[in-house]
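Scroll down for the structure; my scribbles are underneath it.
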Amino acid sequence: MKPALPKGTRDFLPLQVARRKYIFNTIEKTFVKYGFLPIETPAMESLSTLTGKYGEEGDRLLFKILNNGDFLAGADSEALEARDSQKLIQSISKRGLRYDLTVPFARFVVMNQNEIQFPFKRYQIQPVWRADRPQKGRYQEFYQCDVDVIGSDSLMYEAELVSIYSEVFASLGIEVEIKINNRKLLFGIAECLGIEDKFVDMTVALDKLDKISEAQVVEELKGRGIEESITIEAISLIKSDNLKDFTEKFANSETGVKGVEELLKVMDYCKRIGIKDLIFDPSLARGLGYYTGCIFEVVLKKEKYHHISMGSLGGGGRYDDLTDIFGLNDMSGVGISFGAERIYDVLSELGLFPQDVEEMPSAIFLAMDDQSHEMAFDWTMKLRKIGISIDIYPEPAKFKKQMKYANARNFKFALIVGEQERNEGKVALKDLDTGNQELMDFEMLRRKLQK
RNA sequence: GAGGGUAUAGCUCAGUAGGUUAGAGCAUCAGAUUGUGGUUCUGAGGGCCGUCGGUUCGAAUCCGAUUAUCCUCCCCA
């Protein structure tokens, strides 16, 4: 049979794995420094945990797992007869693959509330799955790196998370803008324009302003029943980057004022710790429905990387009612996520990966004959026992072949053992860059490889 | 959900206006070379040309369908 991967999935070569680990490690190190603790949740969740949490579109993109055994025995025969897939699913699939890490986290918090201490600071780096149509930089299986704190409404945490963004991207060598806005401020705008019932439509459309023209936004909102004059007013409002302007406008919107206050507080925290790249952007909306307070998004610094087109490298925000649906109230939380796959693409395009991400032994034994191979094997194992990473060619094959292998795998040294070396109880250490060779006994070799 | 591209050797891809036996590079193996690679030369193996159907004396090539995959829009990480 012909081997193939399901669409939107990838294999990773050793170098790619090493580079991905470098990203994950950089992110994780920062999370740990800020006092976040790791958790893991299963790849599968009950379908009921997942459905209805991501909107209509999200439900469509959920991977459903077919029930085991005779799944048709329990199938809804009416739905089956009517060929109603949507309805049939409930009776033939009770599990699905997780779509993000936030909803499983909410479930986790509710189920483990007696085991954890609030405010609970957790991070989670695991793959998620979406049955989306794949394209560049977008896959059906990809990793998310989430960091959330739940059980506190302190705005200090917003500042901590901004600081984490700032630190992680700085250590990766990428210059970014961290955009911040507040859903309450957006609601305030809707309120003073008298369209609070169309709040979601408004934000979704305004969010597209950097991609489509104002006229198109007006058009889109007209289709959703918002008058042109109101949309134009809304657009002019969010063009302002001065927070104080909003305070005046929000005379009739308590929520709007609250949003401005929250933003000022967070930005004040960030100023204290010297964060420069935080930018207030009132057009930032974020699609996900559960956000209620500050929202964030990270993008490449435009003036620096105008040649690279890449969506956001991360995003997040505050949510007040996430655990509510699972029966736990009064649990405000705030969290952000890193788009590791996109970060990978950016680092790779900019050539910003360190040279030495791949961890491998510096030397490999090559033997000329059976007896030498035995000696090389003994030395190999002795070195490994004292913690030195080392490799050996599996048989005394043709020497040229062994050299080729050592070279192709990028070893720094070849340790050559033939009759001559063996008789002296030594090996020849050949530097594969310079071609220089040096005879060494075991002790010399140990010292050479140990540093 | 809408649109576009691609499908030929293990891998990356050529294949001209339909015409005998479908090619290259890389990889693999063997030899020139019984202990020195990254950069030598020679040779070998390996293909129902995605699948089904149609046009034709004749199809990898043209047409239709189908499947798979990549990409663009929507949305997202």
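A note on names: the letters A, B, ... follow the listed sequences, proteins ahead of strands, and every chain is numbered from 1. Values below: all heavy atoms of this structure, side chains included; hydrogens, waters and symmetry mates excluded. Worth saying up front: this structure is predicted, and the values here are computed from it rather than measured.
Using a 4.0 Å heavy-atom cutoff across all strands shown, A:E421 reaches at least one base atom of the nucleic acid. Residue contacts for A:Q402: at a heavy-atom cut-off of 4.0 Å it reaches no nucleic acid atom on any strand shown. Within the nucleic acid shown, A:Y139 comes within 4.0 Å of at least one base atom, counting heavy atoms only. Counting non-hydrogen atoms under 4.0 angstrom, A:G8 reaches the backbone sugars and phosphates but no base. Across all strands shown, A:L366 has no heavy atoms under 4.0 Å from either base or sugar-phosphate atoms. Within 4.0 Å of A:G137, counting heavy atoms only, lies at least one base atom of the nucleic acid. Among the heavy atoms of the strands lying under 4.0 Å from A:K401 are primed sugar atoms or P, OP1, OP2 only; no base atom is included.
The shortest distance between side-chain heavy atoms of A:F142 and A:R130 falls below 4.5 Å.
Closest to the A:I416 side chain, of the nucleotides B:rG35, B:rC71, B:rC76, is B:rG35. Of the listed nucleotides (B:rG37, B:rG31, B:rA77), B:rG31 has the atom at the smallest distance from the side chain of A:K398. Distance from the side chain of A:K404 is smallest for B:rG37 among the nucleotides B:rG1, B:rC74, B:rG37. Across B:rG1, B:rC73, B:rG37, the shortest atom-to-atom separation from the side chain of A:R60 is found for B:rG1. Taking only side-chain atoms of A:E419, from C-beta outward, the nucleotide of B:rG35, B:rG1, B:rG37 with the closest atom is B:rG35.
Donor-acceptor pairing under 3.5 Å, judged by distance alone, is absent between the side chain of A:R133 and the base of B:rC76. A donor-acceptor contact under 3.5 angstrom links the side-chain atoms of A:K430 to the base of B:rU36.
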Could I get a table of every N or O pair under 3.5 Å where one atom is in the protein and the other is in nucleotides 66-68 of chain B?
none

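Residue A:F338 and nucleotide B:rA77 are not classified as a stacked aromatic pair, given the requirement of ring centres less than 5.5 Å apart at an interplanar angle below 30°.
A cation-pi contact links A:R122 to A:F105, judged by a cut-off of 6.0 Å to the six-membered ring centre and 45° from its axis. Cation-pi geometry between A:R20 and A:F12 is met: the NZ or CZ atom falls under 6.0 Å from the ring centre, inside 45° of the normal.
Taking the six-membered ring for Trp and thresholds of 30 and 60 degrees, A:Y393 and A:Y405 have ring planes more than 60 degrees apart, a perpendicular arrangement.
Between A:D59 and A:K53 no salt bridge is recorded (no basic side-chain N to carboxylate O distance below 4.0 Å).
The side chain to side chain donor-acceptor pair (under 3.5 Å) test with A:D148 singles out one residue from A:Y319, A:Y157, A:Y123, and that residue is A:Y319.
Taking the six-membered ring wherever Trp is involved, the centroid distance between the rings of A:F338 and A:Y165 falls below 6.0 Å.
Between A:P134 and A:G418, the residue whose closest nucleotide on RNA chain B is further toward the 5' end is A:G418. Nearest-nucleotide positions on RNA chain B for A:T9 and A:V417 put A:V417 closer to the 5' end.
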Task: Base-pairing string, 5' to 3', of RNA chain B - Watson-Crick or wobble, under 3.5 Å, | interstrand - done: (((((((..((((.....[...)))).(((((.......))))).....(((((..]....))))))))))))....

